[in-house]
**Student:** 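Sharing a structure below in C-alpha cells format, with a few things to ask.
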Amino acid sequence: MLVVAAGGGEGQGAQGEAKGRAHGGEDTPAAAGPGRARLVAGPETPHAAPPMSDASPPSPSSAPVDPELLAGLVGATPTLSPLETLRHSTAHVMAMAVQTLFPGTKVTIGPSIDTGFYYDFDRPTPFSEDDLRAIEAEMAKIVAADLPFERHERDRAEVRAMFERMGEAYKLELIDSFPPDATVSYYTTGDWLDLCRGPHVARTAEIGAFKLLSVAGAYWRGDERNAQLQHIYGTAFATQAELDAHLALLEEAKRRDHRRIGKDLDLFSIDEVIGGGLVLWHPKGARVRHVIETFWREEHFAHGYELVGSPHVAREELWNTSGHTTFYKENMYAGMDVDGQQYLVKPMNCPFHCTMFKKGLRSYRELPHRWAELGTVYRYERSGVMHGLLRVRGFTQDDAHLFMTREQLPVELERVVEFCLHILRTFGFTDFKLYLATRPKDYVGAPEMWQVAEAALHAVLVKSGLPFEVDPGGGAFYGPKIDLKLKDCLGREWQCSTVQVDFNLPERFDLSYVGADGAKHRIVMVHRALLGSIERFFAVLTEHYAGAFPVWLAPVQARVIAIGDRQEAYVEEVAGLLRQAGFRVDTHTGGDKLGAKIRQAQLEKIPFMLVCGDKEVAARAVAARARDGSQLPVMSIEAFVDHLRAAAAIPRGGAASVA
RNA sequence: GCUGGCGUAGCUCAACCGGUAGAGCACCUGACUUGUAAUCAGGAGGUCGCGGGUUCGAGUCCCACCGCCAGCUCCA
C-alpha cells in the first residue's frame with residue numbers, strides 16, 4: 001500500500017531544526033542582535049514541539065561531521081565518487097586561478113558539495129561578478145594546459161613549515177588540528193599546491209564542464225565569531241550536457257519560485273511596513289488556503305481527531321510551566337502588560353492543549369485524545385534568514401497533540417504516519433523519505449520509555465516500506481521523532497511533517513489518567529504536524545505545481561469567456577449555474593479579442609476556459625478549453641458541470657489529479 | 001546578525017562623464033464586436049527606499065538607516 005520513494009535528489013528544504021537540536025537555543029545572546037521585542041536569550045535546547053521544522057529556506061541537508069571522526073581520516077584518502085572527485089579538483093583549479101589572478105589571497109577549504117563545489121578565500125577586497133568571469137577564463141587556461149595533479153606525503157612538520165613560508169595561516173590552523181603523528185598530504189598542480197587529502201583526477205584536462213555561480217560571505221569553519229571569508233560557489237559536471245541540464249534545473253527552480261508566482265498570480269505578499277516574515281494572504285491565495293484547510297479539517301474529523309482552539313497569547317506563568325521561558329526564550333517575542341500581568345505571544349500551541357487536557361480527571365477509557373488545531377504562532381527569526389513563505393515569523397501550524405497511554409503509543413504512531421502519507425499523497429506528492437532521530441546525550445524521561453518509543457517509531461518506518469535513515473542522537477531532549485521529507489517534481493526535498501514523542505510536557509503539566517487499576521498514570525504525549533505550516537506547505541505546493549494548482553485546489557477553477565458583448569448575459573448565467581454547483585468561477589467579458597482573453601486565463605493558469613459565442617448561446621452549451629491547450633468537445637452546461645465535478649474531485653489518498 | 005549585490009510608475013526594466021525621469025505591460029477613456037496565448041488610439045500614473053551631506057545643480061557622488069536577494073562548517 002505504501003509507495004517506495006526513489007533515491008537521489010537535491011537535498012533542499014532541510015533546516016537546522018531538522019537536525020533535532022532545534023536551532024533557537026544555539027543562538028548566543030550576543031548573536032541575538034537587536035530584536036528589541038524579544039526576551040533575553042536563554043541557554044538550552046529549545047523545546048520545539050511540533051517543531052516549526054517547516055519554515056526553512058531551501059538549504060542543503062547534511063549530517064554534521066564529528067571532528068574526531070575527521071581527525072581519524074587525516075592522511076587517509078577518503079573515497080569520493082568520480083563526480084565528487086572531479087568537483088573537488090575543479091575547486092583546486094579555481095583556487096589556483098584565484099591565487100594566480102589575485103596574489104596574496106589566502107586559501108582555506110574547497111570541498112565538493114551535492115550541487116557542485118566551493119572554495120573559501122581570505123582576501124581584503126571582495127570578488128565581483130566580473131572577477132568570477134575572469135577566474136573562469138583563467139581556469140579554462142589551466143584546464144587547457146593539462147597539468148597533472150600530483151600527491152605528496154610528508155611529515156607534518158615539513159608541510160607545516162612549507163605553508164608557513166607561504167603565509168597560508170588557515171592551512172596552518174588545519175595542520176595544527178591534525179594528530180601529531182599524522183602523515184600530511186598535499187597536491188600540486190603545475191607550480192601551485194594545496195594542502196589536501198585528495199583524491200583528485202589525474203590531470204586538469206579531465207575536468208569537465210564547470211561554471212562559477214555566486215560569491216558570498218562565509219565564516220571560517222562556519223562560526224560567525226571567526227573571520228568572514230569569500231565563498232565562491234560553482235558547479236561542475238563531466239560533460240557540458242550535464243552542466244546545461246543542471247543550469248536548466250536552476251532556471252526552472254527560479255521560474256517556479258513561490259515568491260515570483262505569488263506575485264504573478266496575486267496569491268500573497270509581504271510588506272515592509274507590516275514587517276518581515278509576516279504574510280498578507282490575497283484573495284486568490286486565501287482561497288487556496290481555505291480549500292487546504294477545509295480538506296484538512298474534514299480529514300481530521302474522519303480520522304478520529306477533534307478540533308480545538310486556543311488564543312494567541314497567554315500569561316507568562318503558562319510558559320514558565322511549559323519551560324518555554326527557559327529554553328525557548330530566544331525565539332519568543334516580548335510580552336505585553338495586561339492589568340499588571342505579563343502576557344506572551346505563543347510560539348507553540350502545546351501548552352494550551354496540555355492545559356485543556358488537565359480540565360477534569362481523565363480515564364483510560366477516553367484515551368487517546370487527538371486534538372488538532374490550525375494554530376497561528378509567532379517566532380523570532382533572525383532577519384537574514386527569512387525567505388518568502390518558507391521561513392517566516394508568523395505562521396499557522398497544522399498542529400495536533402495526542403494524549404494516550406504508553407500501551408497505545410505504537411498503534412497511534414502508526415496511525416499518524418499513515419494519516420500523514422494519506423494527506424500528502426492527496427496533494428500530489430509521491431516520493432518521501434523519513435528520518436528517525438533517537439535519544440541525544442542530554443535527555444529527560446525514563447530510558448525504557450525512550451526505548452519503547454524508538455522501537456515503535458522504527459517499526460512504523462519499517463512497516464511503511466518507505467526509505468528511511470536513522471540519525472542516532474538526533475532527537476530532541478524530550479523525545480524521539482520521525483521527520484518526513486517529501487520530494488517535489490524537481491527532486492528537491494522539503495521537510496514538512498514531523499511526529500515527536502514528548503516525555504517532558506506530561507511531567508511539567510502533570511498530565512495523568514486513571515487506569516483500569518484505579519491508579520494514576522503518566523500520559524504519553526505525541527506532537528505532530530503533517531503539512532508543517534500552512535505557509536511553508538503552500539510555498540512547496542506552489543513550486544511543485546508552478547502555480548498550476550490541481551483543479552480541486554485552484555483559486556479559480558473555470559473562467560467563462562464571452563466572445564463579444566452579445567453573449568454577456570449568457571456568460572453570467574453560466575457562471576452563476578456553476579457557482580451554484582459549488583465551483584469557483586469567474587467571467588471575462590468586454591472589448592478584448594478572444595485571443596487576449598484566452599491568453600490572460602492561460603497566464604493565470606485557470607484549469608478551464610469556457611468560450612461562449614453565438615453558437616454556444618443558441619445551444620445552451622460551452623466550448624471548454626483546458627489550460628494544457630486541449631479542447632473539450634462542445635457540451636451542454638449540465639454536461640460540463642459533470643465534467644468539472646469529476647475533474648475537481650479531491651484525489652484522496654493520491655489519485656492522479658485531472659487537468 | 002554578518003559579507004556582498006540590489007532598491008526608479010502596480011509589474012519588468014531604461015536614463016553616457018552629475019544637467020532637472022522614460023519604455024513595455026497593467027490601469028482609465030474611446031473606438032472596434034472579435035472563435036482559442038497580446039486590436040487600435042488617447043489619457044493618467046513617479047516623495048527616483050528613507051534621512052543627511054558634497055555641488056550652481058544629485059536617480060547618478062559620499063555617510064547613516066530601512067528593505068529585498070544570495071550566501072554564512074556537504075570540511076585540508
**Student:** With both distances under 3.5 Å as the test, what is the Watson-Crick or G-U wobble partner of B:U54?
**Tutor:** none

**Student:** Nearest whole Å is fine: how far is B:G4 C1' from A:Asp120 CG?
**Tutor:** 14 Å

**Student:** Sort out the partner of B:A64 for me: Watson-Crick or G-U wobble, both distances under 3.5 Å, none otherwise.
**Tutor:** none

**Student:** Could you identify the nucleotide paired to B:U12, looking across every strand shown and requiring Watson-Crick or G-U wobble geometry with both distances under 3.5 Å?
**Tutor:** B:A23

**Student:** Can you check the A:Tyr233 OH to B:G71 P distance for me, whole Å?
**Tutor:** 9 Å

**Student:** Have a look at A:Asp194 and tell me which of A:Met96, A:His200, A:Lys171 forms a side-chain contact (heavy atoms from CB on, under 4.5 Å) with it.
**Tutor:** A:Lys171

**Student:** Taking atom NZ of A:Lys605 as the centre, does the number of heavy atoms from other residues, nucleotides or ligands within less than 6.0 Å exceed 12?
**Tutor:** yes

**Student:** Say you pick atom C1' in B:C50 and the same atom in B:U12; how far apart are they, in whole Å?
**Tutor:** 24 Å

**Student:** Tell me: CG of A:Asp223 to P of B:U3, nearest whole Å?
**Tutor:** 15 Å

**Student:** Partner of B:G59 by Watson-Crick or G-U wobble geometry, both contacts under 3.5 Å, or none?
**Tutor:** none

**Student:** Using 30° and 60° as the class boundaries, would you call the ring planes of A:His387 and A:His258 parallel, tilted or perpendicular?
**Tutor:** tilted

**Student:** Does A:Gln228 reach a base, just sugar-phosphate, or nothing at all? Heavy atoms under 4.0 Å.
**Tutor:** base

**Student:** Determine the Euclidean distance between corresponding P atoms of B:G19 and B:G5; express it in Å to zero decimal places.
**Tutor:** 24 Å

**Student:** Between A:Pro126 and A:Ile270, which is nearer to the 5' end of RNA chain B once each is assigned its nearest nucleotide?
**Tutor:** A:Pro126

**Student:** Using the P atoms only, state how far B:G18 lies from B:C69, rounded to an integer number of Å.
**Tutor:** 32 Å

**Student:** How close or far is atom P of B:U3 from atom CG of A:Asp122, stated in whole angstroms?
**Tutor:** 14 Å

**Student:** Taking atom P in both B:U3 and B:G53, compute the distance separating them and give it to the nearest angstrom.
**Tutor:** 27 Å

**Student:** Counting only Watson-Crick or G-U wobble pairs whose two distances fall under 3.5 Å, which nucleotide matches B:G30?
**Tutor:** B:C40

**Student:** For RNA chain B, whose closest nucleotide is more 5', that of A:Gly384 or that of A:Asp264?
**Tutor:** A:Gly384

**Student:** Can you tell me the distance, in whole Å, between the CZ atom of A:Arg391 and the P atom of B:C68?
**Tutor:** 15 Å

**Student:** Using a heavy-atom cut-off of 4.0 Å across all strands, would you classify A:Arg259 as base, sugar-phosphate, or nothing?
**Tutor:** sugar-phosphate

**Student:** What nucleic acid atoms does A:Arg260 come within less than 4.0 Å of, heavy atoms only: base, sugar-phosphate, or nothing?
**Tutor:** sugar-phosphate

**Student:** Can you check each nucleotide of nucleotides 34-45 of chain B against protein heavy atoms at under 4.0 Å and return B for base, S for sugar-phosphate only, - for none, in 5' to 3' order?
**Tutor:** BBBBBS------

**Student:** Less than 3.5 Å apart, any donor N or O on the side chain of A:Trp494 or A:Glu543 sitting next to an acceptor on the other?
**Tutor:** no

**Student:** Is NZ or CZ of A:Arg379 both nearer than 6.0 Å to the six-membered ring centre of A:Tyr333 and within 45° of the ring axis?
**Tutor:** no

**Student:** If I take atom CD in residue A:Gln230 and atom P in nucleotide B:U73, what distance separates them, rounded to the nearest angstrom?
**Tutor:** 16 Å

**Student:** A:Lys254 has an atom NZ; how far is it from atom P of B:C69, in whole Å?
**Tutor:** 14 Å

**Student:** Once you round it to whole Å, what is the distance between P of B:C2 and CE of A:Met386?
**Tutor:** 14 Å

**Student:** Are the side chain of A:Glu168 and the backbone of A:Val107 linked by a donor-acceptor contact shorter than 3.5 Å?
**Tutor:** yes

**Student:** Does B:G45 have a Watson-Crick or wobble mate here (both distances under 3.5 Å), and if so which one?
**Tutor:** none

**Student:** Can a side chain N or O of A:His387 be found less than 4.0 Å away from OP1 or OP2 on B:A70?
**Tutor:** yes

**Student:** Roughly how far apart, to the nearest Å, are B:C17 and B:C6 at atom P?
**Tutor:** 15 Å

**Student:** With a 6.0 Å cut-off on the ring centroids, do A:Phe608 and A:Phe640 count as close?
**Tutor:** yes

**Student:** Checking salt bridge (charged side-chain N to carboxylate O under 4.0 Å, His left out) against A:Glu604, which of A:Arg627, A:Arg559, A:Arg599 comes through?
**Tutor:** A:Arg559

**Student:** Give none if B:C2 has no partner; otherwise give the nucleotide forming a Watson-Crick or G-U wobble pair with it, both distances under 3.5 Å.
**Tutor:** B:G71

**Student:** Give me the distance, rounded to whole Å, that separates B:A9 from B:G46 when you measure between the P atoms they each carry.
**Tutor:** 11 Å

**Student:** Rounding to the closest angstrom, what is the interatomic distance between B:C66 and B:C56 at atom C1'?
**Tutor:** 31 Å

**Student:** Would you measure the distance from the C1' atom in B:G22 across to the matching atom in B:A14 and give it in whole Å?
**Tutor:** 7 Å

**Student:** Decide whether A:Tyr187 and A:Ser89 meet the rule of one side-chain donor and one side-chain acceptor closer than 3.5 Å.
**Tutor:** no

